[in-house]
2 protein chains.
Amino acid sequence: MNFSDKLNGAMEKNNSLLCIGLDPDPAAMPAKIDVIKFCKAIVEATSDLVCAYKLNFAFYEGLDNGLEAMRVIRSAIPSHIPVIGDAKRGDIGNTARMYARTIFDVFNFDAATVNPYLGYDSVEPFIEHWDRGVFLLCRTSNPGAADFQNLPFVKDDKQYRLYEIVAIRAEQWNKRGNIGLVVGATNPAELKLIRQNHPDMLILIPGVGAQGGDLAAAVQNGVDKYRRGAIISSSRQIIYASVEKDFAQAARKAAAAVRDEINFRRPGVPPQG
Amino acid sequence: MNFSDKLNGAMEKNNSLLCIGLDPDPAAMPAKIDVIKFCKAIVEATSDLVCAYKLNFAFYEGLDNGLEAMRVIRSAIPSHIPVIGDAKRGDIGNTARMYARTIFDVFNFDAATVNPYLGYDSVEPFIEHWDRGVFLLCRTSNPGAADFQNLPFVKDDKQYRLYEIVAIRAEQWNKRGNIGLVVGATNPAELKLIRQNHPDMLILIPGVGAQGGDLAAAVQNGVDKYRRGAIISSSRQIIYASVEKDFAQAARKAAAAVRDEINFRRPGVPPQG
């Protein structure tokens, strides 16, 4: 089964576009719990509410045996829920091949995030894994994103921003149908433009919650004509909803609220009781 | 001691601009030797010939206990030789902070490579480590580099390529003097342009050897007015010079040849006997 089918299956089963970012930061977690137990408890409490989970490598590779913990957490996620390896890698062809093999074959992620700056041969080893998803960073959610991503180019008397060119190339490269884009919720206008120009592409939308992106705008601007095609990712707002013993139930409550708010903003999708 | 002083010390002591990439690929290594023994033997055989070593994370994170192997190898390098963590990371501020902490504090690298696509707040956590070096990807050595890096912008009636804008920003952000640029040896014209416009910036130059970059052009176009300021990095050409038992001595021979060829191409620097 390819990534897109697996994702759509989870979206339908859980009636959800919500992705939870499992980014364990010992400084923010409840005291005296280890990373594996923490993430497993969150997964157990929320796996009927999400369309995907996302694990950012940065939160694992610095811990003792951190990548092994990441592998254990990834394996603990029910097999019908796709898991995105948020690695944002970008390297020359033969090195990108190593990264793709690690993310997809060693850690068994269903999808990966990839930085487009190095161009096609840095992306190709990822998309060659035809059954996995590849999300190219397009317009990211952080304050500095505009520094380069919004630089204007003129081509055939028309102006394009760098992130628009990335999206155009991504669509040209998408021969296997497994490329998506990352567009942050903090940029509603850019998200709207990308959705208008690329009506069929899957968009991973981080930046709601702690980063301040407007959830309603993210949903309205991000979904496709079937009111799907968008993965709304949130991490801190959900996994750190409580730092007490009830953290997993608090995460469930927060996840349900975001899931329902997303559904409320995509008319035609029945609300959950 | 800051990165630049440490680097200049090693350049002077070993009369060398050569950096060896310790990128262990079990498929290319001599049979029946583990990654740690392989890399340690290369370091022992070459540490009087280089100005730096560079470890690319891609070649470690997919191996069993690979990051632990990377840590052991990094620790085995003599303390007066700087070691670059070639991670090419780029993520939003709070996540970039985790990456920077891991690369500099956990693995104790003297410098890191960073992808500029996410802009200033993705770079800032790295440069805040004032005593470490930060190499921003500018014009990379791979075939796809031109896809985005060579896109033309017009500003004040003058045309700039994206990689030129990255270099201009890098110089503006270089308040602590610890930012350098990555410019591949496969692009002599671009390297020359960057050196002309940024006479004082340190440039990390990969792409000689297996990737086909012209060594003579890389040296002539890359060094600064003191015939330093450039780190010429080679990996496969040196570490896989032989796949037999003599691999370490073969690596030494290959490294000495590249070191001497580099010095031959920077007139004023006396050849080594």
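Letters A, B, ... mirror the listed sequences (proteins, then strands); counts begin at 1. For the numbers below, each heavy atom of this structure counts, side chains included, while hydrogens, waters and symmetry mates do not.
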- Message: Counting only non-hydrogen atoms closer than 4.5 Å, does L67(B) touch chain A with its backbone (N, CA, C, O), its side chain (CB onward), both, or neither?
- Response: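 Only the side chain of L67(B) comes within 4.5 Å of chain A.
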
Practice item. Please flag which part of R89(B) lies under 4.5 Å from any non-hydrogen atom of chain A: side chain, backbone, both or neither. Key: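 Only the side chain of R89(B) comes within 4.5 Å of chain A.
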
Which atoms of [X] are under 4.5 Å from chain B, going by heavy atoms: the side chain, the backbone, both sets, or neither?
X: P206(A); result: neither
X: R236(A); result: side chain
X: V123(A); result: neither
X: T95(A); result: both
X: D91(A); result: both
X: A96(A); result: neither
X: R101(A); result: neither

- [ ] State, without any angle test, whether N108(A) and R71(A) hold a side-chain donor-acceptor pair at a distance under 3.5 Å.
- [x]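 Per modelled atom types, N108(A) and R71(A) side chains form no pair under 3.5 Å.
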
Taking every heavy-atom pair that is under 4.5 Å apart, which of [options] has the most such pairs with chain A?
options: A146(B), S122(B), P152(B); answer: P152(B)
options: N65(B), V106(B), V154(B), L151(B); answer: L151(B)
options: E124(B), M98(B), R97(B); answer: M98(B)
options: F59(B), F107(B), Y120(B), F148(B); answer: F148(B)

I'd like to know whether the aromatic ring centres of F57(B) and F109(B) sit less than 6.0 Å apart in this structure.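 Yes, ring centres under 6.0 Å apart.
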
Quiz item: Would you say the side chain of L118(A) lies within less than 4.5 Å of the side chain of N115(B), judging by non-hydrogen atoms?
Solution: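 Result yes, sub-4.5 Å side-chain heavy-atom pair found.
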
Note to self: In the structure I gave you, are the side-chain heavy atoms of N94(B) and D25(A) within less than 4.5 Å of one another anywhere?
What the structure shows: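 Side chain of N94(B) against side chain of D25(A), heavy atoms only: no contact under 4.5 Å found.
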
